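Along the sequence shown, the residues carry numbers beginning at 1. The model shown is predicted, which means the values in this text are computed figures rather than measured ones.
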Amino acid sequence: MKKTLLAILSAMLMPCGLQAQDTETHVTVHAGEAALETLLTEEEKQSVTHLTVTGTLLDEDYAFLRDGLLEQLDTLDLREAEIDTIPAHAFEEFNCYGSKAIRIILPSKLKHVKDKAFCCNTHRCVFEITGKYPTLGKDIFTKDFIYAEPRMEASPDNEYCMMIENAIYSSDRTILHYPNYDWKEPIYGGQIIEGTKIISANAYENRAWEYRWNFTIPASVDSIGDRAFASFQIATPDMPVDSKDFRIICESLIPPRLGLDVFYTMEHPYWGLFYVNEATLYVPDESVDTYRKAEGWKRFKKIKGLNEFNPNSVNLTSPNTSFSVKGTDDCYIFSTSIDMEQIKLYSVSGQLLFSMPVHAKQGKINKSTLPSPYAIASIDFADGTTQTVKLIP
């Protein structure tokens, strides 16, 4: 009788034990001496969604993660790992297409990230910085003209970095490390905040920008890191690239110091020349000659004084839309060939001031509503396209 009861009890407990293993979603392993793949049970490989790794990772461990495990994880926590360098290609092109979002929490001891390490080609991947912002190799976030760069965030308790308007800055707000943004919407991390002194290496490397809006480098910026604008691209709804309407404004009287290959550029076999060949660089009037002679800056083919920059009247034409903005003493008047759906107004820091439905071919914004030093209007059209324009009060 006793044996019978034990057998029944064992039979009842066995499925429960297996179920507990099968549904184990949070797993912690100490890696480094043995391959990560061997440290996880077959059940854990099927069920884990939150993997915490201490110790270190072998090269084969990154391959194991890329080849499938990352696709099912929602969190890979490396915060306490003894890792100071992320190897080249570590998270490059893992099987992320169609997968859920994943957060990779980077080691607090991280110092350097090698070439193409974060080229996962998806917005679904978030890399969380927990310590000092690392030095970087080449093509870290994107490559080969693919615009699906990952998102970068500073952890809430990071004492070295912080999030400001969707971008990672140093805790003293003087260094822009990494801007998260949509290439069609310059306000999402695209505009650099006043008081920024340094633009970090690789900050805008391989980024694509909608060719009809302006990029401003504030007067406070005095240095720009290696490859900060390398292969900076002009994206257009039609080919070939025509960046004549794309304008970069550098407000500093003295050209900011440049690192290596800051404006590295090349010719794409299908899209033609990049921004340094076609885009216009606007600088303070008295500094035009200085920029034309300054190493690195002189690569721009067209350098003009700010007195020639006229934000009050911009005429933009595409195959689908003609659009104009004209300034009067009291307001800006928007006119277009197709219906505008709404006009959104943002401050220079990226704060949404208001959103106004239009559903017409004409609209206006009173200058009295504009904040100083300028505002950014984003106009959504009925055909799904968007235009942005800088407005001065």
Side-chain angles (χ1 to χ4, degrees), residues 62 65-66 70 76 78 83 85-97 99 101-107 110-155 158 161-170 175-186 188-192 198-210 215 224-235 259-266 268 271 274-275:
Y62 290 101
L65 290 167
R66 285 194 306 270
L70 285 176
L76 173 62
L78 303 175
I83 297 174
T85 301
I86 301 292
H89 312 284
F91 300 104
E92 182 183 9
E93 295 183 2
F94 64 82
N95 297 326
C96 58
Y97 297 102
S99 67
I102 178 174
R103 178 173 294 270
I104 299 177
I105 303 174
L106 296 171
L110 183 63
K111 294 180 180 179
H112 184 67
V113 179
K114 292 189 175 182
D115 298 358
K116 298 182 175 67
F118 296 163
C119 283
C120 51
N121 296 338
T122 176
H123 296 298
R124 297 176 181 270
C125 184
V126 177
F127 290 97
E128 182 176 318
I129 301 290
T130 61
K132 293 182 179 180
Y133 197 82
T135 58
L136 306 174
K138 297 179 181 179
D139 303 321
I140 298 298
F141 308 106
T142 56
K143 63 174 186 176
D144 301 332
F145 312 95
I146 297 175
Y147 305 140
E149 69 273 2
R151 179 176 174 80
M152 297 283 288
E153 294 180 0
S155 58
N158 192 315
C161 303
M162 64 188 300
M163 299 299 296
I164 303 176
E165 301 298 344
N166 211 25
I168 299 180
Y169 281 82
S170 60
I175 305 174
L176 168 62
H177 289 305
Y178 185 88
N180 294 289
Y181 68 101
D182 182 328
W183 63 272
K184 290 185 178 180
E185 294 282 357
Y188 296 129
Q191 297 297 338
I192 303 170
I198 299 172
I199 299 175
S200 276
N202 309 79
Y204 295 94
E205 182 184 39
N206 295 334
R207 292 296 186 88
W209 295 83
E210 214 284 337
F215 182 86
I224 302 175
D226 298 351
R227 297 182 62 84
F229 295 97
S231 297
F232 196 65
Q233 301 160 39
I234 309 302
L260 299 175
D261 297 326
V262 170
F263 298 115
Y264 171 80
T265 189
M266 59 184 291
H268 189 275
W271 297 355
F274 284 166
Y275 66 107

Distance from [X] atom [atom1] to [Y] atom [atom2], nearest 0.5 Å?
X	Y	atom1	atom2	value
E205	R227	CD	CZ	4.5 Å
L65	L70	CG	CG	4.5 Å
M162	S155	CE	OG	12.0 Å
L136	I86	CG	CD1	11.0 Å

Residues forming a salt bridge (charged side-chain N to carboxylate O under 4.0 Å, His left out) with E153, sequence neighbours excluded =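 Residues passing salt bridge (charged side-chain N to carboxylate O under 4.0 Å, His left out) with E153: R103, R151.
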Which residues satisfy the side chain to side chain donor-acceptor pair (under 3.5 Å) test with T130, sequence neighbours excluded?
->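 Side chain to side chain donor-acceptor pair (under 3.5 Å) check on T130 returns nothing, list empty.
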With sequence neighbours left out, what residues match T135 under side chain to side chain donor-acceptor pair (under 3.5 Å)?
->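 Side chain to side chain donor-acceptor pair (under 3.5 Å) check on T135 returns H112.
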Would you say the side-chain atoms of D261 pair up with the backbone N or O of Y264, donor to acceptor, closer than 3.5 Å?
->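 Absent.
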Taking all heavy atoms of G225 and all of V262, pick out the closest pair and write down the distance.
->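 Taking G225 first and V262 second, the nearest heavy atoms are O-CG2, 3.3 Å.
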For I198, which residues count as a side-chain contact (heavy atoms from CB on, under 4.5 Å) partner, sequence neighbours excluded?
->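 Scan of I198 (side-chain contact (heavy atoms from CB on, under 4.5 Å), adjacent residues dropped) gives I175, D222, S223.
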Results of side-chain contact (heavy atoms from CB on, under 4.5 Å) for A201 - residues two or more places apart only |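 Scan of A201 (side-chain contact (heavy atoms from CB on, under 4.5 Å), adjacent residues dropped) gives D226.
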Please list, chain by chain and in numerical order, all residues satisfying ring-ring contact (aromatic ring centres under 6.0 Å, His included) with F127, sequence neighbours excluded.
->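 For F127, the residues satisfying ring-ring contact (aromatic ring centres under 6.0 Å, His included) (neighbours in sequence not counted) are F91, F118.
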